[in-house]
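Okay, so here's the structure we're looking at.
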Amino acid sequence: MTLMTSALSACPLPDWEPQENVNLPLLVDERLAQPPPDLLTQVCAGDSVTLDISNAVDDPQGDRVFVFWYVNYIEGQSVPISASDVEEFTFVPCQTLNSREGLNEIEVFMMDRPPVAFNPDGARQVSEDGDLRRMYWMIPVGEGCCSLPVGAQ
């Protein structure tokens, strides 16, 4: 037993300490989003799709997660933020601002620090030392759907 104790005490222990004030990245698992980004079908007037990231994103340090949703964002144009600070977003074809017939891109930006600005372009960028994640869905709206009365397909 003495020999074993001697051998163990001769092994060097790692000389490191956890760094303080280091921001850990957000934990994002797209498979836990509802519906998952790759499982959507065509929708029409009167339909709605609720996108939910509440189980898909977490901050390991318990930081506030800033959330910004966009529909059909085009950089440099005055496309407003569709929703913010909510983990669920309901897309209603032909009624949600910026929705259109054809393919609609719904994006969510998640960050653990405030954005560089609380405007459409600035909320797509995180302030220094923050972590930013993006998830998106492509939702097709059938041709002619927006001219139909709600509920008719």
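What you are looking at is a predicted structure, and each value in this text was computed from that prediction instead of being measured. For the numbers below, each heavy atom of this structure counts, side chains included, while hydrogens, waters and symmetry mates do not.
Counting only heavy atoms from C-beta outward, the side chains of Val49 and Trp137 never approach each other to under 4.5 Å. Side-chain atoms of Trp69 and Ile81, non-hydrogen and from C-beta on, never get closer than 4.5 Å to each other. Looking at Pro140 and Gln42, their side chains come closer than 4.5 Å, going by heavy atoms from C-beta outward. A heavy-atom distance below 4.5 Å is not found between the side chains of Phe66 and Val126. At a threshold of 4.5 Å between non-hydrogen side-chain atoms, the residues Glu88 and Leu51 do not count as touching. Residues Ile53 and Met135 form a side-chain contact, since some pair of their non-hydrogen atoms from C-beta on lies under 4.5 Å apart. For the pair Phe91 and Val141, the minimum side-chain heavy-atom distance is below 4.5 Å. Counting heavy atoms from C-beta outward, Ser54 and Gln34 have side chains that stay 4.5 Å or more apart.
Between Glu101 and Gly142, the shortest heavy-atom distance links the atoms CG-O, 3.8 Å. The shortest heavy-atom contact between Leu26 and Asp131 is N-OD2, 2.7 Å. Taking all atoms of both residues into account, the shortest heavy-atom contact from Leu32 to Asn55 is CD1-O, 3.3 Å. Contact between Leu97 and Ser82 at its shortest, heavy atoms only, is O-OG, 4.5 Å. In plain terms, the two heavy atoms of Leu24 and Pro60 that are nearest each other are CB-CG, 3.8 Å. Residues Pro93 and Cys44 come closest through the heavy atom pair CG-O, 3.6 Å.
Note: Tyr70 and Phe109 have perpendicular aromatic rings, judged against thresholds of 30 and 60 degrees for the angle between ring planes.
Under the 3.5 Å distance criterion, the side-chain polar atoms of Gln61 are matched with a main-chain donor or acceptor of Val22. With hydrogens and angles disregarded, no donor-acceptor distance shorter than 3.5 Å links the side chain of Ser127 to the backbone of Val116.
Of the N and O atoms on the side chains of Asn98 and Asn72, not one donor lies less than 3.5 Å from an acceptor on the other residue. With no hydrogens or angles considered, no side-chain donor-acceptor pair links Ser48 and Thr90 at under 3.5 Å.
A salt bridge is absent between Arg100 and Glu143: the closest approach of a Lys/Arg side-chain nitrogen to an acidic carboxylate oxygen does not fall below 4.0 angstrom. Using a 4.0 Å cut-off between charged side-chain N and carboxylate O, Arg64 and Asp85 make a salt bridge. In summary, Glu107 and Arg124 engage in a salt bridge, as defined by a charged side-chain N under 4.0 Å from a carboxylate O.
Side-chain heavy atoms closer than 4.5 Å link hydrophobic residues (I, L, V, M, F, W, Y) into clusters, and following such links, possibly through other members, connects Val86 to Met110. In the hydrophobic clustering of ILVMFWY residues, with side-chain heavy atoms under 4.5 Å counting as a link, Tyr73 and Phe89 come out apart. Residues Phe118 and Val67 are members of separate hydrophobic clusters, defined by side-chain heavy-atom contacts under 4.5 angstrom among Ile, Leu, Val, Met, Phe, Trp and Tyr.
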Cys145 vs Cys94, test: disulfide (SG to SG under 2.5 Å). Steps then yes/no.
CA-CA 8 Å; Cys145 283; Cys94 314; over 6 Å; no

Chi angles and distances behind the side-chain hydrogen bond (donor to acceptor under 3.5 Å, both in side chains) call for Asp129, Asn23
CA-CA 7 Å; Asp129 97 329; Asn23 187 34; 5.0 Å; no

Verify side chain to side chain contact (heavy atoms under 4.5 Å, CB included) between Arg113 and Leu132, making sure each step is shown before the conclusion.
CA-CA 8 Å; Arg113 298 288 188 267; Leu132 172 94; over 6 Å; no

Step-by-step side chain to side chain contact (heavy atoms under 4.5 Å, CB included) determination, Ile106 to Val108:
CA-CA 7 Å; Ile106 297 19; Val108 60; over 6 Å; no

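Separation of atoms CE (Met138) and OH (Tyr136) is listed at 7.0 Å; rounding is to 0.5 Å. In this structure, Met111 CE and Asp63 CG are separated by 13.5 Å, a value rounded to the nearest 0.5 Å.
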